[in-house]
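Below, all heavy atoms of this structure are taken into account, side chains as well, without hydrogens, waters or symmetry copies. In what follows, every chain begins at residue 1, and chains take the letters A, B, ... in the order their sequences are listed.
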Protein chains: 2
Amino acid sequence: MPATQLRAASPTGSRTGTREAILALALDLLQARGFNAFSYQHIADRLGIRKAAVHYHFPTKADLGLALVAHYRTQFEDWRAAQMEKGAGPLDLLRGYMAISLHFLRDGGKACPLGVLEAEFASLPPPLREAVTALDTELREFLAGVLEAGRGAGIFRFDGPAADKVLVITASLQGGLHIARAAGARSFTRMLRQLERDLGITND
Amino acid sequence: MPATQLRAASPTGSRTGTREAILALALDLLQARGFNAFSYQHIADRLGIRKAAVHYHFPTKADLGLALVAHYRTQFEDWRAAQMEKGAGPLDLLRGYMAISLHFLRDGGKACPLGVLEAEFASLPPPLREAVTALDTELREFLAGVLEAGRGAGIFRFDGPAADKVLVITASLQGGLHIARAAGARSFTRMLRQLERDLGITND
DNA sequence: GCATACTTACTTACCAGTAGGTAAGCTCTT
DNA sequence: AAGAGCTTACCTACTGGTAAGTAAGTATGC
């Protein structure tokens, strides 16, 4: 899509920004309701455009899902780059990652995009499944590095491989966001505190 | 539902067992695909009956969802009663609970019914939401008791309130079952081992 | 500098399929 | 005779997706 690149490069080229508006709204709907629980019609209605306009930008729902994963991946990469630039340590990185989840929860009870897609995994188009698996792996590898570095620096304390510990932490965060919808937001903040205790982090 | 009680009480009263077959299949579909991802038509097709027959037993999908939660609750109560009868200790109970999750995963990559319903919480009929919250609370209270008893007996070792630790464990189990679909079944068994390590359980 | 050719970003109008749900009738057992 | 347990036939709403058309902008050749 050379035209898209052109628009992205030159601000004057983007007259409406419809594509970006669809992506932002769809990510919201995905996190708040799930991939199978929103339709092109919902997006069109809330954006004041026609359904076919959504299909123009994202021909099939699989295309939209793929773009959503790519969009979320970009957001994560930007966050990671910003953290690295300001020299964030393992504790900053872990707490920053937790803060992202907490922000989701407070923003209308949203969940992690990957957690939502994994919950609906069986009904996802195969290409979307592969994209989810790939990003999921990337996030876990990043966090495993954070955990290992933190343990080496004496900031975290835990038994077993960091690759196993990261599974507990990401599963807790994703599952905890879902549980918080039924059990209340406090359940999630209490869970976060417990996750820190389980890493030997002593709170002031 | 007097008819249900009658059929359940007197085996001769149940000629076909259609109601039970619907419940069993619907629970399967719920765990494997999600509440919004199966339809009355799916159930009817796989059971060799008509869609209206499903509506006869469960007029609306909310009714079916409510029955599903009640059904799962009964299964849990039966399991708990059986464990209590054979004098299971905290470690048996915790591992038994983990084994249920592992059994779900191996039975076609199914997830915890409550975890699935919580992931779709926003699109659930309000009565169903309340039933989910109630059962979720019950399960957590049970497990918190197990954790506290185990800590008192020197079997488990963890910091903080058992009510917080149970949030980490249930969120891990529910989230871990979803993640396993994208990351593979091994990720779940490794996560289970880490959960045990985080409780100070030393494996042979 | 102006017409021609083409692209972008939509709209209107439609499609087949499926969703949940209902009313009326049939059949078998008690 | 009555009711439980269905079936047939239907309804409306909505799903993802497509075809055809159009207004507005951009690029190119002369």
On the nucleotide dT15(D), are OP1 or OP2 found under 4.0 Å from the side-chain N or O atoms that S39(A) carries?
yes
Distance check: side-chain N/O of H42(A) vs OP1/OP2 of dC14(D), anything under 4.0 Å?
no
In whole Å, what is the span from the CZ atom of R19(B) to the P atom of dG5(D)?
10 Å
Atom SG of C112(A) and atom OH of Y97(A): how far apart are they, to the nearest 0.5 Å?
5.5 Å
Rounded to whole angstrom units, what separation is found between the CZ atom of F35(B) and the C1' atom of dG20(C)?
11 Å
Please confirm whether the shortest side-chain N or O distance from T18(B) to OP1 or OP2 of dG5(D) is below 4.0 Å.
no
Does K51(A) make a cation-pi contact with Y56(A), if we ask for NZ or CZ under 6.0 Å from the ring centre and within 45° of the axis?
no
Between Q174(B) and H178(B): side-chain donor-acceptor atoms closer than 3.5 Å:
no
Figure out the CZ/P separation between F38(A) and dC14(D), and round it to whole Å.
18 Å
Rounded distance in Å - CG (L47(B)) to C1' (dC6(D)):
13 Å
Want to settle it: does G48(B) or K51(A) sit nearer the 5' end of DNA chain D, counting the closest nucleotide to each?
G48(B)
In whole angstroms, the gap separating C1' of dG17(D) from OH of Y56(A) amounts to 17 Å
How many Å lie between CG on N36(B) and P on dT15(D), as a whole number?
12 Å
Test item: side-chain donor near acceptor, T60(B) and D63(B), under 3.5 Å
yes
Interatomic distance, D63(A) CG vs dG16(D) P [rounded to whole Å]
13 Å
Residue pair S39(A) / H42(A), side-chain donor-acceptor N/O under 3.5 Å
yes
What's F58(A) touching, base or sugar-phosphate or nothing? Going by heavy atoms closer than 4.0 Å.
nothing
Please tell me if H57(A) has a side-chain N or O lying less than 4.0 Å from either OP1 or OP2 of dC10(C).
yes
What's Y40(A) touching, base or sugar-phosphate or nothing? Going by heavy atoms closer than 4.0 Å.
sugar-phosphate
Nearest to side-chain heavy atoms of Q41(B), which nucleotide of dA19(C), dT7(D), dT11(C):
dA19(C)
May I ask you to evaluate whether H55(A) reaches the phosphate of dC10(C), defined as a side-chain N or O under 4.0 Å from OP1 or OP2?
no
